Amino acid sequence: MMSREFTTREKILLLVLCVLLLGIVYYEFIIKYVDETIKQYNTEDMETELLIEQAKAQSIMDMKSEMKNTKAKTGSVVASYNNIKNEISALNDIFGAASTYNFDFNQAIKDGDAVRRDINISFTAGSYSTAESIIEKLHDCKYRCLIRNISINTSSGEGISSGSVSVSMTVTFFETMYNANTTDGLEENKDEGTTTSKTK
């Protein structure tokens with residue numbers, strides 16, 4: 001078996017070769033991997049950020065469109081207290097198409113400069129479409145109001161799409177103390193109310 005000791009020159013060459021091999025391995029499996037991973041994450045982050053910004057922009061556009069449509073559709077006003085006579089007149093016009101109707105007015109409630117008046121309404125109509133039209137007109141009333149607790153029942157077992165219907169709901173009219181000429185009625189018992197009815 002032959003063996004010999006490496007010369008200094010050979011040792012230096014082997015050392016250089018080892019360093020080069022380690023450098024190549026380090027570059028191929030560490031540096032390139034890390035660099036590609038960083039690029040991938042950066043791309044994903046940019047795509048995510050772009051999607052978020054696009055979603056925000058779309059939401060803003062939708063919101064502006066909704067506000068514009070609401071502003072165009074809502075011509076209601078908050079009248080000064082006490083606007084009950086005008087509200088009754090508007091209600092009589094709206095429910096003129098009903099077969100019968102009944103309004104039960106609760107006492108007006110003052111909360112700061114805001115005033116609200118709950119009205120329990122029940123009515124009958126010859127058809128569901130007539131009732132729907134009445135509710136739509138009430139929704140579009142010139143005086144600001146909120147419709148709550150709607151209940152619709154048929155007078156027969158034929159279904160809601162045919163025959164007469166009876167409807168009950170609570171409507172809240174909103175008024176303001178701004179430019180109000182009176183506060184009469186705001187301190188009375190709110191359980192006391194005024195009832196208006198119509199029968200055909």
Side-chain angles (χ1 to χ4, degrees), residues 59 62-200:
S59 296
D62 292 343
M63 188 182 300
K64 287 181 178 179
S65 177
E66 182 66 25
M67 290 172 65
K68 184 178 180 180
N69 291 336
T70 300
K71 186 175 181 180
K73 293 178 181 178
T74 305
S76 60
V77 297
V78 179
S80 298
Y81 181 81
N82 181 5
N83 193 47
I84 189 169
K85 289 183 179 179
N86 292 326
E87 291 164 5
I88 291 174
S89 177
L91 288 171
N92 284 330
D93 290 341
I94 291 170
F95 286 88
S99 302
T100 64
Y101 62 75
N102 182 77
F103 306 146
D104 184 12
F105 293 79
N106 292 332
Q107 200 67 40
I109 308 270
K110 180 177 177 292
D111 185 6
D113 288 334
V115 178
R116 69 180 188 275
R117 187 194 311 276
D118 287 341
I119 308 173
N120 297 314
I121 298 177
S122 58
F123 71 94
T124 59
S127 65
Y128 176 79
S129 60
T130 301
E132 186 179 34
S133 175
I134 291 172
I135 295 172
E136 184 176 354
K137 289 179 181 177
L138 180 60
H139 174 270
D140 296 334
C141 177
K142 65 180 292 187
Y143 303 112
R144 185 70 55 82
C145 64
L146 175 67
I147 304 173
R148 299 179 289 116
N149 305 326
I150 297 179
S151 175
I152 302 177
N153 296 297
T154 59
S155 58
S156 64
E158 298 178 359
I160 201 169
S161 60
S162 60
S164 61
V165 296
S166 58
V167 183
S168 63
M169 68 181 75
T170 301
V171 179
T172 303
F173 277 90
F174 298 96
E175 301 171 20
T176 177
M177 293 306 299
Y178 183 72
N179 286 337
N181 296 320
T182 181
T183 58
D184 293 345
L186 290 176
E187 298 299 328
E188 296 179 14
N189 189 336
K190 65 180 182 179
D191 291 331
E192 296 178 2
T194 303
T195 300
T196 301
S197 61
K198 165 195 170 186
T199 303
K200 283 186 178 179

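Starting from 1, each residue takes its place in the sequence as its number. Just so it is clear, the model here is predicted, and its values are computed rather than measured.
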Indicate yes or no: at least one non-hydrogen side-chain atom of [X] is less than 4.5 angstrom from one of [Y].
X    : Y    : value
N120 : N106 : yes
V77  : Y143 : yes
F174 : L146 : yes
I147 : T170 : no
R117 : V171 : no
L186 : M177 : yes

Decide yes or no on side chain to side chain donor-acceptor pair (under 3.5 Å) for S133 and T130, but give the supporting numbers first. CA-CA 5 Å; S133 175; T130 301; over 6 Å; no
From the list R116, R144, E87, side chain to side chain contact (heavy atoms under 4.5 Å, CB included) with F173 holds only for E87
Tell me, please, which residues at least two apart from Y81 pass ring-ring contact (aromatic ring centres under 6.0 Å, His included). none
Which atoms form the tightest heavy-atom contact between [X] and [Y], and what is the distance?
X    : Y    : result
D184 : T182 : N-OG1, 2.9 Å
I94  : I134 : CG2-O, 3.6 Å
S99  : G126 : OG-N, 3.8 Å

Go through the steps for D118 and R148 under the test salt bridge (charged side-chain N to carboxylate O under 4.0 Å, His left out), then give the verdict. CA-CA 10 Å; D118 287 341; R148 299 179 289 116; 3.4 Å; yes
Quick one: pull up [atom1] in [X] and [atom2] in [Y] and give me the separation to the nearest 0.5 Å.
X    : Y    : atom1 : atom2 : result
I121 : F105 : CD1   : CZ    : 7.0 Å
Y101 : S122 : OH    : OG    : 11.5 Å
C141 : L91  : SG    : CG    : 6.5 Å
N102 : S168 : CG    : OG    : 11.5 Å

When you look at F95 and F103, which way does the ring-ring contact (aromatic ring centres under 6.0 Å, His included) test go after all the steps? CA-CA 10 Å; F95 286 88; F103 306 146; 5.2 Å; yes
Considering only residues two or more places apart or on different chains, which pairs with a residue in residues 123-132 satisfy salt bridge (charged side-chain N to carboxylate O under 4.0 Å, His left out)? none
Please check: side-chain N/O of [X] versus main-chain N/O of [Y], any donor-acceptor pairing under 3.5 Å?
X    : Y    : value
N92  : I88  : yes
E175 : V78  : no
K137 : H139 : no

Heavy-atom count check: over 12 atoms from other residues, nucleotides or ligands less than 6.0 Å from N181 CG? no
Applying side chain to side chain donor-acceptor pair (under 3.5 Å) to S164 and T124, what does each step give before you reach the verdict? CA-CA 7 Å; S164 61; T124 59; over 6 Å; no
